[in-house]
Q: 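Pasting a structure below so you can have a look.
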Amino acid sequence: MRAPLRMLLLLVAMLLAPALASAAYNCSITSPGFATAYSPTAPTDNVTPTYFTITCTRGLGDANTMSWTAAANNGMYPRGGGRNRAAFGGNRINYDVYKDSGCGTQWRTGGNAITGSLNFGGGTSASLNVTYYGCVPAGQTGIPAGTYTDTVTMTLTYGPFSFTDTGTFGVSITTPATCNLTNAPGNVVFNYITFGSAVNASTTYGVTCSNTLAYTMALDATSGTIIGLNYTLALSAASGTGTGAEQSYTINGSMAAAQAGTCATGSCSASQARTLTVTY
């Protein structure tokens with residue numbers, strides 16, 4: 001009777017062994033990514049904080065604390081030097097993901113990965129949010145207005161046996177259509193002599209608009225009268241297409257010859273205000 005009992009105990013022990021060996025961590029990594037509006041004329045980098053989430057379960061035989069490493073790749077449109085880019089059609093905008101809000105240390109693989117540990121607190125499941133930053137460098141002029149997108153892949157390595165899981169997050173960078181009068185026009189000054197010759201005068205101004213953005217320009221009036229002298233104004237161009245850099249234009253003015261005017265003294269001066277409108 002004793003021998004069969006020993007065989008039964010051995011069989012139970014053999015059945016228990018696989019169950020204990022199969023206990024293991026099981027983790028996933030997710031992130032909402034980031035979305036931001038970017039102005040090429042802003043003087044500082046565009047910085048957006050976001051996060052990734054590590055969610056894990058453990059078996060009864062696993063330790064209560066588990067180490068992990070999270071790495072990020074260069075997305076779908078990488079450029080030289082391990083940098084990221086987002087795409088709008090055939091156009092690209094530079095950005096990167098960083099460990100710090102000062103955009104000093106990239107989040108990448110190897111030594112640039114983010115590392116940490118997860119404590120289960122005695123339970124069998126736990127999660128952790130980890131902050132990272134999306135940074136779009138300032139001064140990227142000449143890019144068309146639009147929404148630039150990218151997809152970045154994250155790789156999570158965890159546990160004593162270096163299990164892995166991958167996840168992705170989206171990037172959305174919108175460059176709004178902008179048009180600014182970056183160099184305001186000066187005065188159109190006529191020095192006219194009564195009954196004298198025709199006089200011409202001009203001034204310049206500058207417009208900076210998003211690349212490929214069409215715009216028009218117009219004056220509120222193209223003619224007028226000052227102290228009895230008639231004048232006309234004309235723009236060197238009525239429309240343009242933005243390049244992301246300043247574009248220069250001219251307001252040309254003229255007074256016809258042989259006008260008497262209404263000056264009753266040796267010299268007179270007067271002025272009128274005109275309005276220049278840029279529409280886009």
Side-chain angles (χ1 to χ4, degrees), residues 29-52 70-110 112-113 132-155 166-183 205-217 236-249 277-280:
I29 184 170
T30 59
S31 173
F34 71 94
T36 188
Y38 175 79
S39 172
T41 60
T44 59
D45 294 347
N46 181 304
V47 182
T48 304
T50 185
Y51 63 93
F52 61 81
N73 74 355
N74 287 116
M76 299 174 64
Y77 311 98
R79 61 189 175 99
R83 301 287 182 172
N84 291 18
R85 297 186 300 180
F88 170 56
N91 304 292
R92 302 290 183 266
I93 189 170
N94 299 325
Y95 82 94
D96 277 299
V97 289
Y98 286 84
K99 299 180 183 180
D100 62 301
S101 61
C103 305
T105 304
Q106 287 178 289
W107 176 30
R108 285 293 182 270
T109 59
N112 280 352
Y132 68 94
Y133 300 86
C135 300
V136 189
Q140 297 188 64
T141 58
I143 54 176
T147 299
Y148 294 72
T149 59
D150 192 19
T151 300
V152 176
T153 298
M154 305 171 289
T155 301
T166 59
T168 62
F169 63 82
V171 174
S172 177
I173 304 168
T174 301
T175 57
T178 60
C179 226
N180 297 290
L181 193 63
T182 48
N183 183 19
Y205 64 95
V207 176
T208 302
C209 297
S210 300
N211 193 22
T212 73
L213 178 65
Y215 59 93
T216 60
M217 300 166 288
S236 59
S239 63
T241 301
T243 63
E246 186 176 275
Q247 296 169 292
S248 294
Y249 298 98
T277 301
V278 179
T279 304
Y280 60 97

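Residue numbers start at 1 and run along the sequence shown. Bear in mind the structure is a predicted one, so any value in this text is a computation, not a measurement.
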Q: If every non-hydrogen atom of Val278 is compared with every non-hydrogen atom of Cys179, which pair is closest and at what distance?
A: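 Result for this residue pair: CG1-SG, 4.1 Å.
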Q: For the side chain of Asn84 and the backbone of Tyr95, is there at least one donor-acceptor N/O pair under 3.5 Å apart?
A: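 No: the side chain of Asn84 does not pair with the backbone of Tyr95.
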Q: Are the side chain of Tyr38 and the backbone of Asp45 linked by a donor-acceptor contact shorter than 3.5 Å?
A: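 Side chain of Tyr38 to backbone of Asp45, a donor-acceptor pair under 3.5 Å: no, none is there.
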Q: Carefully, step by step, assess Ile29 and Thr166 under the rule side chain to side chain contact (heavy atoms under 4.5 Å, CB included).
A: CA-CA 7 Å; Ile29 184 170; Thr166 59; 5.9 Å; no
Q: Do the side chains of Asn74 and Arg108 get nearer than 4.5 Å, heavy atoms only?
A: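 They are in contact (side-chain heavy atoms under 4.5 Å apart), so the answer is yes.
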Q: Any non-hydrogen side-chain atom of Thr109 less than 4.5 Å from a side-chain atom of Asn73?
A: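 Not in contact.
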Q: Looking at Ile173 and Ala86, what are the two nearest heavy atoms and their distance?
A: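 Looking at all heavy atoms of both residues, the shortest contact is CD1-CB, 4.3 Å.
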Q: Over all heavy atoms of both residues, which pair between Ala138 and Ala42 is shortest? Give the atoms and the distance, please.
A: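 So the minimum-distance heavy-atom pair works out to CB-O, 3.6 Å.
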Q: What's the spacing between Tyr205 OH and Leu181 CG if we round to 0.5 Å?
A: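 These two atoms lie 8.0 Å from each other.
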Q: So, does Lys99 use its side chain to make a donor-acceptor pair with the main chain of Gly104 at under 3.5 Å?
A: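 Pair absent, no side-chain N/O of Lys99 close to backbone of Gly104.
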Q: Can you list everything that forms a side chain to side chain contact (heavy atoms under 4.5 Å, CB included) with Tyr77? Sequence neighbours excluded, please.
A: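 With neighbours one apart ignored, the set is Arg85, Ala87, Arg92, Asp150.
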Q: Provide the closest heavy-atom pair for Gly244 versus Thr141 in the form atom of the first, atom of the second, distance.
A: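 Heavy atoms of Gly244 and Thr141 come nearest at O-CB, 3.7 Å.
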Q: Test side chain to side chain contact (heavy atoms under 4.5 Å, CB included) on Val97 and Phe34 and set out the steps.
A: CA-CA 10 Å; Val97 289; Phe34 71 94; 4.2 Å; yes
Q: Would you say the side chain of Thr50 lies within less than 4.5 Å of the side chain of Pro32, judging by non-hydrogen atoms?
A: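 Contact flag for Pro32/Thr50 side chains = yes.
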Q: Between the main-chain N or O of Thr105 and the side-chain N or O of Asp100, is there a donor-acceptor pair closer than 3.5 Å?
A: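 It does hold such a pair.
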Q: Mind telling me whether Tyr132 and Phe169 have parallel, tilted or perpendicular rings, with 30° and 60° as the class edges?
A: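 Phe169 and Tyr132: tilted rings.
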Q: For Tyr249 versus Ser239, what's the shortest heavy-atom pair and its separation?
A: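 That would be OH-O, 4.2 Å.
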Q: Determine whether Ile93 and Thr175 satisfy the following criterion, side chain to side chain contact (heavy atoms under 4.5 Å, CB included), listing intermediate values before the conclusion.
A: CA-CA 10 Å; Ile93 189 170; Thr175 57; 4.0 Å; yes
Q: To the nearest 0.5 angstrom, please state how far the OH atom of Tyr215 sits from the OG1 atom of Thr241.
A: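 Separation between the atoms: 7.0 Å.
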Q: Is any side-chain heavy atom of Gln140 less than 4.5 Å from a side-chain heavy atom of Asn94?
A: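 Heavy-atom side-chain distance check passes, below 4.5 Å.
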Q: Are any non-hydrogen side-chain atoms of Thr174 and Thr147 less than 4.5 angstrom apart?
A: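 In short, these two side chains touch, coming nearer than 4.5 Å.
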Q: If you measure only the distance, is there a donor-acceptor pair under 3.5 Å linking the side chains of Asn112 and Gln106?
A: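 No, no side-chain donor-acceptor contact under 3.5 Å.
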Q: So, Ser31 side chain and Tyr51 main chain: donor-acceptor pair closer than 3.5 Å or not?
A: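 Judged by distance alone, yes, a pair lies under 3.5 Å.
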Q: Which residues pass the side chain to side chain contact (heavy atoms under 4.5 Å, CB included) test with Thr208, sequence neighbours left out?
A: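 Expected list: Thr182, Glu246.
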Q: State, with a plain yes or no, whether a side-chain heavy atom of Cys135 is found less than 4.5 Å away from one of Asp96.
A: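 A side-chain contact under 4.5 Å is absent here.
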Q: Say whether, by atom type as modelled, one donor and one acceptor occur between the side chain of Ser210 and the main chain of Thr178 under 3.5 angstrom.
A: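 Such a contact is found between Ser210 side chain and Thr178 backbone.
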Q: Just how far is it from atom CZ of Phe52 to atom OG1 of Thr30, taken to the nearest 0.5 Å?
A: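 Here the rounded value is 10.0 Å.
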